[in-house]
Each structure stands twice: as structure tokens, then as C-alpha cells.
Amino acid sequence: MSSIIIGQYVPANSVVHRLDPRAKIVMIFCFVVFVFFANNTLSYAWLTVFAVASALLTQIPLRFIAKGLSPVWFLIIFTFILHLFVTNEGTVLVELFGFQIYSGALIQGVAISLRFFLLILFTSLLTLTTTPIEITDAIETLLNPLKKIKFPVHELALMMSISLRFIPTLMQETEKISKAQASRGVDFRTGPLKDRIQAVVPLLVPLFVSAFKRAEELAMAMEARGYQGGEGRTRLRELVIVKRDWLAMLAFALVIAGLFFFRY
Amino acid sequence: MDIQFNEVSYTYQPNSPFSHQALKNLSFSIKSGSYVAIVGHTGSGKSTLIQHLNGLLRPTAGAIKIGGFQHQAGAKTANIKDLRRQVGVVFQYPEHQLFEETIKKDIAFGPRNFGVSDEEIERRIPDVLKAVNLSPDLLERSPFDLSGGQMRRVAIAGVLAMDPKVLVLDEPTAGLDPRGQQEVMDMFLDLHKRKGLTTILVTHSMEDALKYADHVIILDHGEKYMEGKPSEIFVQNEALQKVQLDVPEVIQFIQDFNELFKQNLSYQGQTEQELAEEINKLLRKEEPTDE
């Protein structure tokens with residue numbers, strides 16, 4: 001469980017770590033959109049180079065990132081194989097178990113799974129290099145204009161930061177309880193599927209009990225400290241866009257311009 | 001069951017930026033039937049150590065022998081379920097593991113998983129209830145209706161019902177009131193003697209370690225720092241202070257007393273009463289010479 005890195009922050013002091021979270025979110029949002037504009041080898045290669053270079057800039061070992069994405073590898077490979085067998089464009093390359101594999105399918109398969117890979121890699125860079133609290137702050141300020149139409153931006157951000165804050169706590173709790181139950185003879189790993197599903201009950205019940213208890217304690221602690229919601233609240237951490245952020249966004253704009261250049 | 005640690009190391013999340021070595025080349029042995037206290041500052045590796053005792057964690061290097069079981073780095077442990085039946089672990093705040101609708105079902109959960117027959121479970125339940133001092137009237141109630149202290153007793157009963165040969169206790173008294181602490185510790189001592197258990201107690205309380213254990217292992221940053229008889233370990237003030245541990249109050253008192261009255265009293269597991277009488281005798285002896 002601990003090897004899954006989606007949503008996990010890895011502390012370091014790289015350029016990417018220090019970028020303004022709002023800038024990072026905006027760039028990643030744009031990247032997600034623009035990945036779909038790549039339509040030839042050159043444009044895909046361009047985006048891949050950019051994504052891998054960004055990953056290198058984070059100073060997090062690539063091996064670690066690759067290992068952490070392991071649950072997603074399965075999806076990527078699955079997508080590839082699916083495309084390999086269902087697309088029939090171009091010329092027939094080989095016949096396998098009565099299926100014909102077309103050249104178009106190979107290209108399509110590589111393109112789609114590469115696109116998928118790029119999306120996951122780039123978006124996971126956000127969570128790898130940005131603390132959850134920074135992300136929430138950034139989302140809150142980015143959504144601020146919505147306050148005009150009475151959208152509860154602060155409450156939403158609070159809910160987000162609370163749930164993010166409690167993910168590791170609940171993970172720890174899960175591990176603790178599953179160890180306690182394993183010591184009482186529960187087997188989570190082997191046996192028929194039915195037994196393994198039943199083995200989840202002794203895990204889930206205590207987990208829910210403690211989650212509710214925690215929620216109540218947190219609400220009480222917040223009230224005790226006079227929390228009343230977003231109105232008139234100031235911030236401990238002010239987000240400020242500095243030269244570095246403008247430079248990063250400029251570089252990103254150039255990369256996107258390059259993408260459109262290579263596209264034709 | 002004899003327990004033997006041979007050069008055991010454990011690293012959490014090896015080969016990652018979060019890699020952290022919790023145990024370093026740990027070697028010691030515990031004789032069957034002894035009561036061992038494992039003491040150390042927070043983060044010294046106590047909890048990691050006990051998770052090796054029933055195969056929840058596998059050493060990243062080294063080997064452990066628990067009775068007839070071999071548990072070592074890089075090899076699958078045979079009969080791990082059997083090992084878990086024989087080594088009962090009471091974790092910190094064990095009441096968090098309760099989940100069944102009734103107390104009876106929760107106590108029966110462990111033994112049932114290990115394939116103990118229903119009749120045998122029925123037979124064991126009154127025994128364990130008596131051991132943890134709970135009334136049989138509670139059996140059909142929900143464990144979530146109970147007070148914290150009672151819930152803990154139910155959870156402990158659930159482990160005892162497995163009829164383990166080795167009992168591992170991870171700070172079993174944390175969060176209990178002083179009287180509850182005393183009761184729980186006395187209960188474990190009684191079980192230890194009555195059933196001939198091998199008991200391993202992880203604790204922050206030097207008092208408990210001194211009072212109950214016949215062997216102490218002190219851990220510091222995952223390494224064995226000291227090991228020996230409590231009465232010999234706990235008089236070494238300076239060595240203990242180096243790893244942020246205190247001398248038990250009784251020992252501190254005896255040391256202060258000896259210094260103040262130029263006496264030579266030593267601690268040999270006396271109760272408060274016995275100690276008071278001894279002191280009384282020592283000081284009385286002095287009186288005639290004063291006259």
C-alpha cells in the first residue's frame with residue numbers, strides 16, 4: 001500500500017517544488033488539454049521530452065516515480081492491447097490467434113497509451129511536489145471569483161484540506177487495524193474471494209467507528225478555537241507570484257507553441 | 001517458547017526517499033516462561049520489534065527463531081497462521097479492533113479464525129471473562145456500549161481466547177486510569193504465572209518493567225542498548241539518562257535514602273510495606289548509638 005505514490009508528497013527543494021501552486025495547477029490543466037492536440041510522432045516526442053524533463057527537475061528519483069505509478073502501468077498496457085486488437089486500419093502486420101493486427105492499430109495503441117502515460121506522469125508531478133495544503137490554498141484562490149455567485153469556495157476548500165489531511169491518518173489506522181486483525185487470524189491475502197471479501201468487515205467497522213469519532217473531535221476542537229467559517233479570515237500563508245513563476249509559465253507557453261509548430 | 005533474534009534488521013520502505021531503518025542488527029534471546037520488558041524512548045523500534053514476533057513484519061536481514069518457527073529475511077515463513085495462534089499480541093489501544101455485534105462474538109472471533117471448535121470456544125469464554133474481570137451478563141451486549149476500560153478488557157479477552165503460549169503486550173495500560181492500570185498489569189502477571197506464558201511487555205513505565213519483568217531489554221534507535229536483570233539495569237542512572245529514560249521511583253528513593261542516611265539498602269523486589277519495615281529496622285538500629 002505504501003508504494004502507491006499517487007497523491008503523495010515527496011519533500012525536496014527543487015525548482016518545481018518552489019513554484020507557486022497556482023501556476024502549477026494552471027500549467028497542468030493546460031497540459032491535460034493540450035496533450036490531446038498531439039497528432040504525430042514529433043509532437044508526441046516533444047511532449048514526452050518536456051514531461052520527462054519536468055520530472056527530472058523535481059529531483060525525485062525517476063525510478064521511484066516509475067515504481068509508484070505501477071498500478072497505472074496495468075491500465076496503460078491494457079489500453080495498448082485493447083487498441084491492438086480492435087482497431088483495423090492500415091495494412092495487416094501479423095496474425096495472432098486468429099486476430100489480425102493492423103499497422104494502424106499499433107500506431108493508435110502506442111499513441112493512446114503514451115497519451116495516457118503523459119497525463120498521469122504530469123499530473124502526479126503536482127501532488128509529488130506540492131503539499132496538499134498548498135494545493136487547497138491554490139484551488140481556493142483560483143476559485144475565488146465564484147464567490148460572487150455565492151459558491152461556498154472556502155467551505156469546499158476546507159472540506160478538501162480536511163479530507164487530504166486525514167488520508168495518511170486513515171491509511172495508518174487501516175494498517176494498524178489490519179495488523180491487529182491479522183494477529184487474530186484474519187487472512188487478507190489468500191483464500192477464496194468470498195472469504196477475502198468477508199475479511200474486510202473486521203477492518204471496515206473499526207475504521208468507520210474511528211473516522212466518526214475523529215470527525216466529532218475535530219469539529220469540537222474547531223469550535224473550541226472559535227472557528228466560524230471563511231468570513232473575514234486572514235491567511236497564514238499568502239501565495240505570491242514571483243519572477244520564477246512567470247518564467248516557468250513563459251517556458252510552458254513556449255513548449256505549447258512548439259507543440260503546435262510540430263503538429264503540422 | 002524460546003525466542004531468539006539473530007542479527008535482525010528491519011528497514012521500512014527500502015529503496016525509496018522514505019526509507020527508514022527501524023531495527024539494526026538486533027540479537028537477543030528470551031527463555032520460555034520468562035517475563036521480558038522491552039523499554040525505550042519513542043521511536044526506538046519497540047513496536048517494530050514486536051511485529052516480528054508473530055510474522056506481521058519480516059526482517060530485511062537476519063533471522064528469528066520462535067519455538068519451532070523460523071522467521072527470516074528473504075524466505076517464506078511456514079505455518080504463519082499457526083505462529084499467530086501461538087503468539088497472541090495485544091496492540092496499543094486494542095479496543096480499536098472491536099467490530100462484532102456482541103461481545104461474545106468478538107471474543108470468539110480469534111479462536112474461530114484459527115479453527116477452534118464451537119464447544120471449545122464456549123468452554124474458554126467463561127475462563128477469559130474471569131481472567132479480565134468482566135461479568136458474563138455483558139456477553140450479549142454490543143462492545144460499543146461499554147466504557148473505554150471495559151472495551152479494552154473485551155479486546156484482551158479476545159486475544160486470551162486464542163490460548164496463546166506467548167503473550168505480547170504493547171503498552172497495555174496506555175490511557176487507563178491508575179487503578180485500571182494496576183488491575184490490568186496484575187491480571188497479566190497472574191496469567192503469566194498461572195498459564196506458564198512467555199510474556200513480552202513493551203512499556204514506557206520503568207516502574208512496571210521493574211515490578212513485573214525478570215529481564216529487561218533497552219532499545220535505542222533500533223539498537224540494543226542494554227540488557228539484563230531489572231535490579232541491575234535500573235540502578236545505572238547515567239546510562240539510562242543517556243537514552244532519556246528515568247530510574248524507577250523506588251530505586252531513586254533508595255538511592256536518595258542511602259545518600260542521606262549513609263546506608264546500604266538495596267532493592268530486591270520488596271513491596272512498599274517490606275521496604276518500610278526494612279528502613280524502620282535500619283534507622284532503629286542507629287538510635288541506640290546516638291544516645
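In what follows, chains carry the letters A, B, and so on, assigned in the order in which the sequence lines appear, proteins first and then strands, with residues in each chain numbered from 1. The structure displayed is predicted, hence computed values, not measured ones.
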*Please answer whether the main-chain N or O of Pro206(A) pairs with a side-chain N or O of Gln97(B) as donor and acceptor at a distance below 3.5 Å.*
no
More than 12 heavy atoms of other residues, nucleotides or ligands under 6.0 Å from [atom1] of [X]: is that the case?
X: His204(B); atom1: NE2; value: yes
X: Glu101(B); atom1: CD; value: no
X: Arg225(A); atom1: CZ; value: no
X: Lys81(B); atom1: NZ; value: yes
X: Tyr227(A); atom1: OH; value: yes

*Looking at CD of Gln51(B) and NZ of Lys179(A), how far apart are the two atoms once the value is rounded to the nearest 0.5 Å?*
3.5 Å
*Given the options Ile177(A), Val201(A), Ile60(A), Val205(A), which has more heavy-atom pairs under 4.5 Å with chain B than any of the others?*
Val205(A)
*Given that the side chain runs from C-beta out, which part of Ser183(A) has a heavy atom under 4.5 Å from chain B: side chain, backbone, both or neither?*
both
*Which region of Lys176(A), side chain (C-beta onward) or backbone (N, CA, C, O), has a non-hydrogen atom less than 4.5 Å from a non-hydrogen atom of chain B, or is it both or neither?*
side chain
_Residue part contacting chain A, namely of Tyr12(B), when any heavy atom lies under 4.5 Å_ = neither
*asked:* Is Leu83(B) close to chain A through its backbone or its side chain, or both, or neither, when contacts mean heavy atoms under 4.5 Å?
replied: neither
*asked:* Check Arg84(B) with Asp187(A), please: is the shortest side-chain N to carboxylate O separation under 4.0 Å?
replied: no
_Which heavy atom of Val209(A) sits nearest to which heavy atom of Phe144(B), and what is that distance?_
CG2-CE2, 3.7 Å
*Taking all non-hydrogen atoms of both residues into account, name the closest pair between Phe99(B) and Gln181(A) and its distance.*
CD2-NE2, 3.7 Å
